[in-house]
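This report refers to the structure that appears directly beneath it.
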2 protein chains.
Amino acid sequence: MNYNLILVDDHKMFLDGLWNIFKNEANCTVLQTAHNGAQVIKYMETNPNQAIDIVISDISMPTTDGITLNKYIKKERPEIKTLMVSMHTDAGMIDTLIKNNVDGYLSKNATQTELLEAVKTILKGEKYFSQSVQQAYMKGVLEKKTETTITLTKREKEVLRLIAEEYTTQEIADELFLSKHTIESYRKNLIAKLNVKNLAGLTKYAIKLGLVE
Amino acid sequence: MNYNLILVDDHKMFLDGLWNIFKNEANCTVLQTAHNGAQVIKYMETNPNQAIDIVISDISMPTTDGITLNKYIKKERPEIKTLMVSMHTDAGMIDTLIKNNVDGYLSKNATQTELLEAVKTILKGEKYFSQSVQQAYMKGVLEKKTETTITLTKREKEVLRLIAEEYTTQEIADELFLSKHTIESYRKNLIAKLNVKNLAGLTKYAIKLGLVE
DNA sequence: TAAAAAATGGCTGAAAACAGGGGTTTTTCA
DNA sequence: TGAAAAACCCCTGTTTTCAGCCATTTTTTA
């Protein structure tokens, strides 16, 4: 069967790489390539009658990330399938994806063969999560590290960002006009909530959330 | 003219993407694809007489990174050109690349056209640093943020990795069978050398080097 | 509108990190 | 082979983080 797709990634070179893969596929048409979710939403709004079968998107992107894009698609154009692609494989991320009803997920470590396999599976109406992703997820579940999907509040994110920006507790307190005890509380909660040991863990999580760098 | 090349990136999908680009080029042969520098070195050692024109490599990779690979190439097979590709564009990184006599650098935001253009330029014996990279570099130079090219020793990298892995000084000392005073020294030197303030800064640098996550 | 969640503030004490100084021994390489 | 770089070690402070408890007020939401 023939299918139409859209490719989204903020790294042009990677996007070109994806495009090359599908360009050579006989029975598919790449409708658009975009480097953030907003472009895709715009495309869908200006071409409401264009049949789209699947959107393959990176997760972390500037402007509008993959998860936000997926939310839009599942609400406005639920017939369109979504396949998310990302650098990292962690249980929390996968959990978020599942909760958002994404149709499939691949690590950027996946091969081209697996990518095409994933698309085929998803177009059949099935979900596709690779073996390695399933393993990583199950490992997380078994280690009880998944908990209940970690959601940080606005304030927590703000504090976490400053922590990762190398501010001390006192400096953050001054910056936000709060007591240093308050920041200490946030710090403690974050360490517990994110299941990390210290500042290094907090910093890595901040990066994963895209709060810094 | 005809040329032979080797592609290196730890993300299979990206590697496949690159491969697709060059596969369709008439006058070039992809000799090997690898997901770390060590594989390439091994290839070169087992095929010492194989003519190689250019190696296109990611910078941050596990096992052996792009800079280490470039060092090997420039020492053992100086006739081979190197083109580095990376996610991030910062003046410090570019400085390191220039000092290591890399033949060219591209951000992963570069287009396929620019990639092929870069290869062509480098094979003519010229250097290739894209407009955007030159701009970023000049900006860094003007802001005097370049400093003197940071090079970490093997041991420093090892300690830095463990620091970013949330180990305490004592735990690192135990792990490496060293005195905790030694690790304290490394920690201090790293903070000074990398021009950061604390553990958060060290962690971010470790990530930038690809030592963790 | 009552309950839950978020935001705020507090204390103590121990452990770790950080700043600044001082070294010696081993390896590398010009 | 001799200097430079890397790897190693130690001490004294001060500051910051972290773990363990607690609490009140505001906002959100069921």
Side-chain angles (χ1 to χ4, degrees), chain A residues 99 147-206 209 211-212, chain B residues 65 67-68 71-72 74-76 78 96 99-101 147-206 209 211-212:
Chain A
K99 295 242 164 73
E147 276 122 44
T148 41
T149 311
I150 300 157
T151 326
L152 298 187
T153 68
K154 208 172 165 185
R155 207 45 154 177
E156 282 174 329
K157 280 185 194 168
E158 199 172 8
V159 172
L160 180 57
R161 201 198 91 237
L162 292 169
I163 288 173
E165 298 276 15
E166 303 176 56
Y167 284 59
T168 64
T169 296
Q170 185 61 63
E171 287 169 345
I172 298 171
D174 294 345
E175 179 81 15
L176 302 180
F177 304 106
L178 292 173
S179 155
K180 88 171 202 184
H181 297 292
T182 307
I183 308 303
E184 266 175 13
S185 294
Y186 278 114
R187 227 181 158 113
K188 246 181 319 182
N189 286 336
L190 285 166
I191 286 179
K193 214 167 173 178
L194 303 179
N195 205 32
V196 297
K197 287 183 186 166
N198 59 21
L199 181 45
L202 291 178
T203 307
K204 288 193 282 183
Y205 204 93
L209 286 184
L211 299 176
V212 287
Chain B
D65 64 38
I67 292 165
T68 311
K71 271 185 190 147
Y72 172 88
K74 291 305 171 191
K75 193 181 166 204
E76 305 293 333
T96 307
K99 295 251 163 68
N100 278 283
N101 203 29
E147 280 121 44
T148 41
T149 311
I150 301 155
T151 325
L152 297 187
T153 67
K154 208 173 169 185
R155 206 46 153 175
E156 282 174 330
K157 280 187 194 170
E158 199 171 10
V159 172
L160 180 57
R161 202 198 91 240
L162 292 169
I163 288 173
E165 297 276 16
E166 301 176 57
Y167 285 59
T168 65
T169 296
Q170 186 60 63
E171 286 169 346
I172 297 171
D174 293 346
E175 178 82 15
L176 302 180
F177 303 106
L178 291 173
S179 156
K180 90 170 200 184
H181 297 292
T182 307
I183 308 301
E184 268 174 9
S185 293
Y186 278 115
R187 228 179 158 113
K188 242 181 325 179
N189 287 336
L190 285 166
I191 286 179
K193 215 167 170 177
L194 304 178
N195 206 29
V196 296
K197 287 181 184 168
N198 59 19
L199 181 45
L202 291 177
T203 307
K204 288 192 282 182
Y205 204 93
L209 286 184
L211 298 176
V212 287

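Quick note on labels: first sequence line is chain A, next is B, and so on, each numbered from 1. This structure is a prediction, so every number in the text was calculated from the model and none was measured.
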Return the set of residues passing salt bridge (Lys or Arg N to Asp or Glu O under 4.0 Å) with [X] (not counting sequence neighbours), or none when no residue passes.
X: B:Glu175; result: none
X: A:Glu156; result: A:Lys193
X: B:Lys157; result: B:Asp65
X: B:Lys188; result: none

Whole-Å distance between [N] [atom2] and [X] [atom1]?
X: A:Leu190; N: D:dT17; atom1: CG; atom2: P; value: 13 Å
X: A:Ile191; N: D:dG20; atom1: CD1; atom2: P; value: 11 Å
X: A:Lys193; N: D:dC18; atom1: NZ; atom2: C1'; value: 18 Å
X: A:Ile163; N: C:dA17; atom1: CD1; atom2: C1'; value: 15 Å
X: A:Asn189; N: D:dA23; atom1: CG; atom2: C1'; value: 14 Å
X: B:Glu156; N: D:dA5; atom1: CD; atom2: P; value: 13 Å
X: B:Leu162; N: C:dA17; atom1: CG; atom2: P; value: 12 Å
X: B:Tyr186; N: D:dA6; atom1: OH; atom2: C1'; value: 7 Å

Could you measure the distance from the [atom1] atom of [X] to the [atom2] atom of [Y]? Nearest 0.5 Å is fine.
X: A:Leu199; Y: B:Ile163; atom1: CG; atom2: CD1; result: 11.5 Å
X: A:Tyr186; Y: A:Leu162; atom1: OH; atom2: CG; result: 12.5 Å
X: A:Leu160; Y: A:Leu194; atom1: CG; atom2: CG; result: 6.5 Å

Practice task
Please test A:Leu202 against B:Thr203 for side chain to side chain contact (heavy atoms under 4.5 Å, CB included), starting from the C-alpha separation and ending with a verdict.
Solution key: CA-CA 10 Å; A:Leu202 291 178; B:Thr203 307; over 6 Å; no
Exercise for the section: Can you sort out which residues in residues 165-185 of chain B have a heavy atom within less than 4.0 Å of DNA chain D? Ascending by number, please. Expected result: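 Nucleic-acid contacts, sorted: B:Leu178, B:Ser179, B:His181, B:Thr182, B:Ser185.
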Handout entry: Rounded (10°) bend between the five-pair end axes of the helix from C:dT1-D:dA30 to C:dA30-D:dT1
Key =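 End-to-end axis angle for the helix from C:dT1-D:dA30 to C:dA30-D:dT1: 70°, rounded to 10°.
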Practice task
Check whether the side chain of A:Lys188 and the base of C:dG10 form a donor-acceptor pair under 3.5 Å.
Solution key: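 Looking at the base of C:dG10, it does pair with a donor or acceptor on the side chain of A:Lys188 (distance under 3.5 Å).
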Using a cutoff of under 3.5 Å, can you pull out all pairs of nitrogen or oxygen atoms linking the protein to nucleotides 24-27 of chain D, with atom names and distances?
none

Handout entry: Over all atoms of both residues, closest heavy-atom pair of A:Val212 and B:Lys204
Key =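 Of all heavy-atom pairs spanning A:Val212 and B:Lys204, the closest is CG2-CD, 4.4 Å.
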Exercise for the section: Using a cut-off of strictly less than 4.0 Å between a heavy atom of the residue and any atom of DNA chain C, enumerate the qualifying residues of residues 197-206 of chain B by number. Expected result: B:Asn198, B:Leu199
Problem - Ion pair check, B:Arg161 and B:Glu158, cut-off under 4.0 Å - result: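 Looking at B:Arg161 and B:Glu158, the cut-off is not met.
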Fill in the blank from the handout: The side chain to side chain donor-acceptor pair (under 3.5 Å) partners of A:Asn189 (sequence neighbours excluded) come to none
Practice task
With sequence neighbours excluded, tell me which residues meet side chain to side chain donor-acceptor pair (under 3.5 Å) with B:Glu171.
Solution key: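 B:Glu171 satisfies side chain to side chain donor-acceptor pair (under 3.5 Å) with no other residue.
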Practice task
Quick one: list whatever passes side chain to side chain contact (heavy atoms under 4.5 Å, CB included) with B:Glu184, sequence neighbours left out.
Solution key: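 In terms of side chain to side chain contact (heavy atoms under 4.5 Å, CB included), with neighbours along the sequence ignored, B:Glu184 is linked to B:Thr169, B:Lys180, B:His181.
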Exercise for the section: Would you please name every residue forming a side chain to side chain contact (heavy atoms under 4.5 Å, CB included) with A:Asp174, sequence neighbours left out? Expected result: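 If we apply the side chain to side chain contact (heavy atoms under 4.5 Å, CB included) test to A:Asp174, skipping adjacent residues, the hits are A:Gln170.
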